[in-house]
There are 2 protein chains.
Amino acid sequence: MTLSNMDFPTPSKDADCRVVREILDRIADKWSLYIFVALRDGPVRFNELRRQIDGISQRMLTITLRQLERDGLISRTLFPTIPPRVDYELTAVGRTLLAPVMALVIWADSNRDVIEEARQRYDAS
Amino acid sequence: MTLSNMDFPTPSKDADCRVVREILDRIADKWSLYIFVALRDGPVRFNELRRQIDGISQRMLTITLRQLERDGLISRTLFPTIPPRVDYELTAVGRTLLAPVMALVIWADSNRDVIEEARQRYDAS
DNA sequence: AGTGTTGGTCACAAATTGATACCACCCTAT
DNA sequence: ATAGGGTGGTATCAATTTGTGACCAACACT
């Protein structure tokens, strides 16, 4: 009970907490992070995203992009050419999320050796 | 091709890239983030974690804690009392990850209204 | 005429996660 | 004495999520 009211910053209401959870679950899902990284330098088309994000299926790319669009973090622009062209781009709000996301990516990159060693130690014992 | 070599910071080798992906996948999975937040003020026992992290199953808590322990981000201390007591705590490395993680949490908290509105706009159209 | 590109959707299979039961051990209240 | 609860798990099976491959229309290139 001592910490249950302090789990998250200013959880004045349960509803707020639930929304924060929903947002974090979206950011921290399997693919959103990589979409953010791929979009950090400007608009990218659908199939270019698919090529950049290794292992993502067309299905999950579509679904994840739709969810991020719904949250107002990325925008979708359809150019009705033949063949069609669809650009995805970070919105102003989305760009403010880029700093924390890149901080995570940079942390992961800086600590890969440390973590690799920890894994080998754990697996050896 | 222009960006494929710059997807992540200093991706000097494919192997490095793969490790960074593995680390990010661990951090950004469904529960790790919340375990980090719960452990930010010091050691917490297993069942206290379970109570703090709403919705997590005992199974996923065990599995996620093991993975984080394997990566050297948290430590597990067993006190052989009756009933047994197991403390989980962030390691020194784990604590360095706390800053980027909390930046994400704070971002999510600060932007919940903006995102809620974006969702309503999207769902209405 | 065949092959490839675009950005999707759909149905089904595979992988991941959740729910429930169970375990040994003790403490407390009845 | 016995029923119920807490400790930190594991095992099994169901439910949910994700991946796989096929298919689409409209064109360009060969």
Side-chain angles (χ1 to χ4, degrees), chain A residues 1-4 18 21-35 38-39 42-71 74-89 122 125, chain B residues 1-4 18 21-35 38-39 42-71 74-89 122 125:
Chain A
M1 206 194 278
T2 52
L3 286 172
S4 63
R18 211 200 55 242
R21 275 284 296 264
E22 280 174 23
I23 296 170
L24 284 174
D25 287 345
R26 169 93 1 113
I27 299 167
D29 81 352
K30 195 168 180 183
W31 298 113
S32 299
L33 216 62
Y34 299 111
I35 292 179
L39 293 180
V44 182
R45 342 183 18 174
F46 185 87
N47 274 333
E48 201 175 327
L49 280 174
R50 192 145 72 108
R51 280 187 292 267
Q52 279 189 32
I53 302 170
D54 195 62
I56 194 168
S57 64
Q58 193 164 18
R59 185 175 165 276
M60 286 316 293
L61 181 54
T62 302
I63 291 174
T64 310
L65 286 170
R66 290 280 184 285
Q67 290 173 333
L68 292 173
E69 192 195 354
R70 178 171 180 260
D71 287 353
I74 65 174
S75 65
R76 178 182 189 271
T77 312
L78 166 69
F79 301 93
T81 59
I82 298 291
R85 168 180 173 176
V86 180
D87 274 7
Y88 290 94
E89 190 175 8
Y122 186 93
S125 64
Chain B
M1 204 196 280
T2 53
L3 286 173
S4 63
R18 210 199 56 241
R21 275 285 295 263
E22 281 174 22
I23 296 171
L24 284 174
D25 287 345
R26 170 92 2 111
I27 299 167
D29 80 352
K30 195 168 180 184
W31 298 112
S32 298
L33 215 64
Y34 299 111
I35 292 179
L39 293 181
V44 182
R45 329 178 35 167
F46 185 85
N47 274 332
E48 200 175 326
L49 280 173
R50 193 146 70 108
R51 280 187 292 267
Q52 279 189 33
I53 302 168
D54 197 60
I56 195 170
S57 64
Q58 194 165 17
R59 185 176 164 276
M60 286 316 293
L61 181 54
T62 302
I63 291 173
T64 310
L65 286 170
R66 290 279 184 286
Q67 290 174 333
L68 293 174
E69 192 195 353
R70 177 171 180 262
D71 287 353
I74 64 173
S75 65
R76 179 183 188 270
T77 312
L78 167 69
F79 301 92
T81 59
I82 298 292
R85 169 180 171 177
V86 180
D87 273 8
Y88 289 95
E89 190 175 8
Y122 186 93
S125 64

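Order of the sequence lines fixes the chain letters, A, B, ..., with proteins taken first and strands second; residue numbering starts at 1 for each chain.
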Strictly below 4.0 Å: does [X] bring a side-chain N or O up to OP1 or OP2 of [N]?
X	N	result
B/Arg85	C/dC25	no
B/Trp31	C/dG18	yes
A/Arg51	C/dG7	no
B/Arg66	D/dG9	yes

Lys/Arg N to Asp/Glu carboxylate O, B/Arg26 vs B/Glu22, below 4.0 Å
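Looking at B/Arg26 and B/Glu22, the cut-off is not met.
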Rounded off to whole Å, could you give me the [atom1]-to-[atom2] distance for the [X] and [N] pair?
X	N	atom1	atom2	value
B/Asp29	D/dT18	CG	C1'	15 Å
A/Gln58	D/dT18	CD	C1'	15 Å
B/Ile63	C/dT17	CD1	P	8 Å
B/Met60	D/dT16	CE	P	16 Å
A/Ile56	D/dT20	CD1	C1'	14 Å
B/Leu49	D/dG8	CG	P	9 Å
A/Glu69	C/dG7	CD	P	15 Å
B/Leu65	D/dT10	CG	P	11 Å

A/Thr64: side-chain contact (heavy atoms from CB on, under 4.5 Å) partners, not counting sequence neighbours:
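So A/Thr64 forms a side-chain contact (heavy atoms from CB on, under 4.5 Å) with A/Asp29, A/Trp31, A/Ser32, A/Ile35, A/Met60, A/Leu68.
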What's the closest nucleotide to the [X] side chain, out of [options]?
X	options	result
B/Lys30	C/dG18, D/dG8, D/dG6	C/dG18
A/Pro84	C/dG18, C/dA21, C/dG7	C/dG7
A/Ser57	D/dT7, D/dG19, C/dG8	D/dG19
B/Ile82	D/dT10, C/dC26, D/dT20	C/dC26
B/Arg76	C/dG7, D/dT18, D/dG9	D/dG9

Which part of the nucleic acid, if any, lies within reach of B/Arg50 when heavy atoms closer than 4.0 Å are counted: base, sugar-phosphate only, or nothing?
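Counting heavy atoms under 4.0 Å across all strands, no contact is made by B/Arg50.
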For B/Tyr88, report the nucleic acid contact type (base, sugar-phosphate, nothing); a contact means any heavy atom under 4.0 Å.
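It contacts sugar-phosphate atoms only.
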Could you pick out which residue, A/Arg59 or A/Pro83, lies toward the 5' side of DNA chain C when each is mapped onto its nearest nucleotide?
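Its nucleotide being nearer the 5' end, the pick is A/Pro83.
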Heavy-atom closest pair, residues B/Leu24 and A/Leu33
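Looking at all heavy atoms of both residues, the closest pair is CD2-CD2, 3.9 Å.
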Think B/Arg21 forms a cation-pi with A/Tyr34, using NZ or CZ under 6.0 Å from the six-ring centre and within 45 degrees of its axis?
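Yes, cation above the ring, under 6.0 Å and within 45°.
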For A/Arg45, what residues pass the side-chain hydrogen bond (donor to acceptor under 3.5 Å, both in side chains) criterion, not counting sequence neighbours?
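Per chain and number, A/Arg45 pairs via side-chain hydrogen bond (donor to acceptor under 3.5 Å, both in side chains) with no residue.
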